[in-house]
Amino acid sequence: MALHFDRPEFAVRLARLTDKMREEKLDALLLFAQESMYWLTGYDTFGYCFFQTLVVKADGTMALITRSADLRQAKHTSILENVQVWVDRVNADPTVDLRNLLVEMDLLGARIGVEYDTHGMTGRVARMLDAQLTSFGQIVDASYLVSRLRLIKSPAEVAYVERAAVLADDALDAALALTNPGADEADILAAMQGAVFAGGGDYPANEFIIGSAEDALLCRYKAGRRKLDTNDQLTLEWAGAYAHYHAGMMRTVVIGEPSYRHRELYNACFETIQAIETVLRPGHSFGDVFDMHAKIMDERGLSRHRLNACGYSLGARFSPSWMEHQMFHVGNPQAIEPNMSLFVHMIIMDSDTGTAMTLGQTYLTTDNTPRARSRHSLDFINV
């Protein structure tokens with residue numbers, strides 16, 4: 001079996017989940033998020049683009065309902081024993097098969113939590129599910145129950161995060177070796193992703209972001225490549241990924257002579273990330289991190305050029321995004337606790353002058369000072 005964790009680790013996770021379910025007075029939980037299934041059982045697939053769900057009862061009983069294409073995938077990559085298949089057919093409604101499974105599991109009239117806020121749950125599936133279960137039992141939104149449990153990383157998970165961080169560093173090394181006037185973005189991107197693969201890593205849960213010149217001000221991947229000019233700017237956001245665990249990094253590299261604005265924006269990024277390290281520790285919240293970010297940026301007159309979030313929790317994630325639910329934004333009460341893997345990014349996009357500057361890395365929280373996972377410094381990069 002292709003398991004990345006031992007069975008005692010999975011047993012601890014199931015115990016944590018069922019304890020929380022009993023606390024929430026849930027008789028069962030329907031998991032639609034692939035990362036929830038992976039965390040709980042090891043099940044590893046991209047088959048969540050079709051209907052599938054993992055049923056978890058408060059007594060620890062589990063059953064997966066999925067398509068035939070994922071039957072062997074589930075058996076090979078997970079600890080699951082009960083795997084049910086719904087049949088592909090014209091006008092298929094797999095929620096009927098799910099309802100029948102819930103009857104077999106003695107859940108008629110039960111209080112059932114559902115993971116609605118996930119890429120594994122389309123609007124159509126939600127409507128079909130609600131139609132089948134509205135009169136079946138008491139249905140409640142439990143979208144963040146597993147997500148919150150996953151915030152605290154076990155020692156085995158920390159080891160994977162640290163391996164992912166090494167791969168992220170390797171990717172930056174590969175990029176900088178090629179970054180110079182005339183270099184092709186395509187070669188840089190290929191080298192970065194190749195370094196992760198060569199180190200035994202995985203595809204990331206979303207595309208690496210690469211953009212130069214005006215495209216350096218974009219915060220998302222887009223198609224199309226260009227060659228770097230003698231004086232240019234290159235924004236990179238990427239993540240090492242290992243056993244689906246991610247460690248994110250972000251940099252803007254200046255090619256040729258940096259402008260005064262580049263230096264000015266870099267100083268703001270560096271000062272802010274240093275200040276954030278003072279609140280990225282127990283006793284503070286995710287909202288406190290954002291407040292520190294906003295305070296310094298706004299004091300420097302950068303409120304129009306900064307973002308409304310400055311990072312998020314990272315872990316094992318699946319396409320289309322490596323971002324977890326818990327983000328650094330205004331008012332987020334989520335407490336910072338030890339053994340969280342948190343990506344902090346400073347992003348300043350000055351459209352007035354066409355200047356980009358970013359700085360970001362992944363931290364592991366401790367009882368006190370957070371530990372940066374990268375071997376690279378946060379120095380200004382000029383090639």
Side-chain angles (χ1 to χ4, degrees), residues 1-45 47-48 52-66 70-84 98 101-102 104-107 110-115 118 120 140 142-164 202 241-246 313-318 324-326 335 337-341 364-365:
M1 295 175 67
L3 292 175
H4 297 291
F5 300 96
D6 59 28
R7 287 182 177 271
E9 172 99 2
F10 287 118
V12 169
R13 295 176 186 180
L14 180 59
R16 290 178 62 203
L17 176 58
T18 52
D19 285 347
K20 191 65 177 176
M21 288 171 64
R22 285 188 287 271
E23 182 182 323
E24 300 285 336
K25 296 181 170 53
L26 293 175
D27 300 304
L29 187 60
L30 304 184
L31 301 182
F32 285 88
Q34 184 58 45
E35 53 269 16
S36 294
M37 302 184 204
Y38 178 76
W39 179 80
L40 190 61
T41 72
Y43 179 39
D44 189 352
T45 183
Y48 57 93
Q52 65 174 11
T53 187
L54 176 62
V55 184
V56 184
K57 292 182 65 174
D59 65 4
T61 303
M62 294 187 288
L64 175 71
I65 181 166
T66 189
D70 278 298
L71 173 62
R72 290 164 188 82
Q73 193 88 6
K75 293 286 189 180
H76 185 66
T77 65
S78 80
I79 60 172
L80 290 166
E81 297 180 357
N82 186 357
V83 181
Q84 306 285 323
L98 173 60
L101 174 61
L102 295 177
E104 292 174 14
M105 297 178 74
D106 195 27
L107 288 169
R111 177 176 163 87
I112 301 174
V114 179
E115 281 188 326
T118 170
V140 298
S143 295
Y144 310 117
L145 197 155
V146 176
S147 179
R148 291 193 180 100
L149 292 177
R150 295 178 58 248
L151 271 170
I152 308 299
K153 304 299 188 288
S154 70
E157 290 179 293
V158 169
Y160 286 145
V161 170
E162 292 180 336
R163 180 57 189 161
D202 302 313
Y242 191 82
H244 293 293
Y245 284 83
H246 291 74
S313 173
L314 280 173
R317 288 283 291 183
F318 289 74
E324 296 199 322
H325 289 126
Q326 298 82 9
E337 300 178 58
N339 296 317
M340 289 181 170
S341 179
L364 181 70
T365 57

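In this chain, residues are counted from 1 in sequence order.
Taking the six-membered ring for Trp and the full ring otherwise, the centers of Tyr38 and Tyr48 sit at least 6.0 Å from each other.
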side-chain contact (heavy atoms from CB on, under 4.5 Å) between Leu40 and Leu14, intermediate numbers included: CA-CA 6 Å; Leu40 190 61; Leu14 180 59; 4.1 Å; yes

Stepwise side-chain hydrogen bond (donor to acceptor under 3.5 Å, both in side chains) check, Gln326 with Ser147: CA-CA 8 Å; Gln326 298 82 9; Ser147 179; 3.0 Å; yes

Evaluation steps, side-chain contact (heavy atoms from CB on, under 4.5 Å), between Val83 and Asp70: CA-CA 9 Å; Val83 181; Asp70 278 298; over 6 Å; no

Chi angles and distances behind the side-chain contact (heavy atoms from CB on, under 4.5 Å) call for Leu107, Leu101: CA-CA 9 Å; Leu107 288 169; Leu101 174 61; over 6 Å; no

Derivation of the side-chain contact (heavy atoms from CB on, under 4.5 Å) call for Gln52 and Thr45: CA-CA 11 Å; Gln52 65 174 11; Thr45 183; 3.9 Å; yes

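By the 30° and 60° cut-offs, the orientation of the rings of His4 relative to Tyr160 is perpendicular.
Contact record, Leu80 with Ser78: N-OG, 3.1 Å, taken as the closest heavy-atom pair. Contact between Val146 and Ser36 at its shortest, heavy atoms only, is CG1-OG, 3.5 Å. In terms of heavy atoms, Phe32 sits closest to Glu115 at N-OE1, 3.0 Å. The minimum heavy-atom distance linking Asp44 with Gln73 is given by the pair O-NE2, 2.9 Å. Thr77 and Leu3 get closest at one heavy-atom pair: O-CD2, 3.3 Å. A pairwise comparison of heavy atoms in Ser341 and His246 identifies OG-O, 4.4 Å as the closest pair.
Remark: of the listed residues Leu29, Ile65, Leu64, Ile65 is the sole one forming a side-chain contact (heavy atoms from CB on, under 4.5 Å) with Thr53. Exactly one of Thr61, Leu98, Leu31 qualifies for a side-chain contact (heavy atoms from CB on, under 4.5 Å) with Val55. That residue is Leu98.
With rounding to the nearest 0.5 Å, the separation of CE in Met37 from CG in Leu54 is 6.0 Å. The OG1 atom of Thr66 sits 8.5 Å away from atom CG of Leu71, with the distance rounded to the nearest 0.5 Å. Atom OG1 of Thr41 sits about 12.0 Å away from atom CD of Glu81, to the nearest 0.5 Å. A distance of 13.0 Å separates CZ of Arg148 from CZ of Arg16, quoted to the nearest 0.5 Å. Residue Leu26 holds its CG atom at 5.5 Å from CZ of Arg111, rounded to the nearest 0.5 Å. Within the model, atoms NZ of Lys153 and CE of Met340 stand 8.0 Å from one another, a figure rounded to the nearest 0.5 Å.
In terms of modelled atom types and a separation under 3.5 Å, the side chain of Glu157 and the main chain of Ser154 share a donor-acceptor contact. Lys57 places a side-chain N or O within 3.5 Å of a backbone atom of Met105 that can act as its donor or acceptor partner. In this structure a side-chain-to-backbone donor-acceptor pair under 3.5 Å is present from Thr365 to Glu337. Put simply, the side chain of Asp202 gets close to the backbone of Ala243: a donor and an acceptor are under 3.5 Å apart.
When only modelled atom types and interatomic distance are considered, Ser313 and Glu324 share a side-chain donor-acceptor pair under 3.5 Å. Between Asn82 and Gln84, the side chains place a donor N or O and an acceptor N or O closer than 3.5 Å (distance only, hydrogens not considered).
Ionic pairing of Glu35 and Arg150 is not present here: no N-O contact between side-chain nitrogen and carboxylate oxygen is shorter than 4.0 angstrom.
The number of heavy-atom neighbours closer than 6.0 Å to CG of Asp19, taken from other residues, nucleotides and ligands shown, is above 12.
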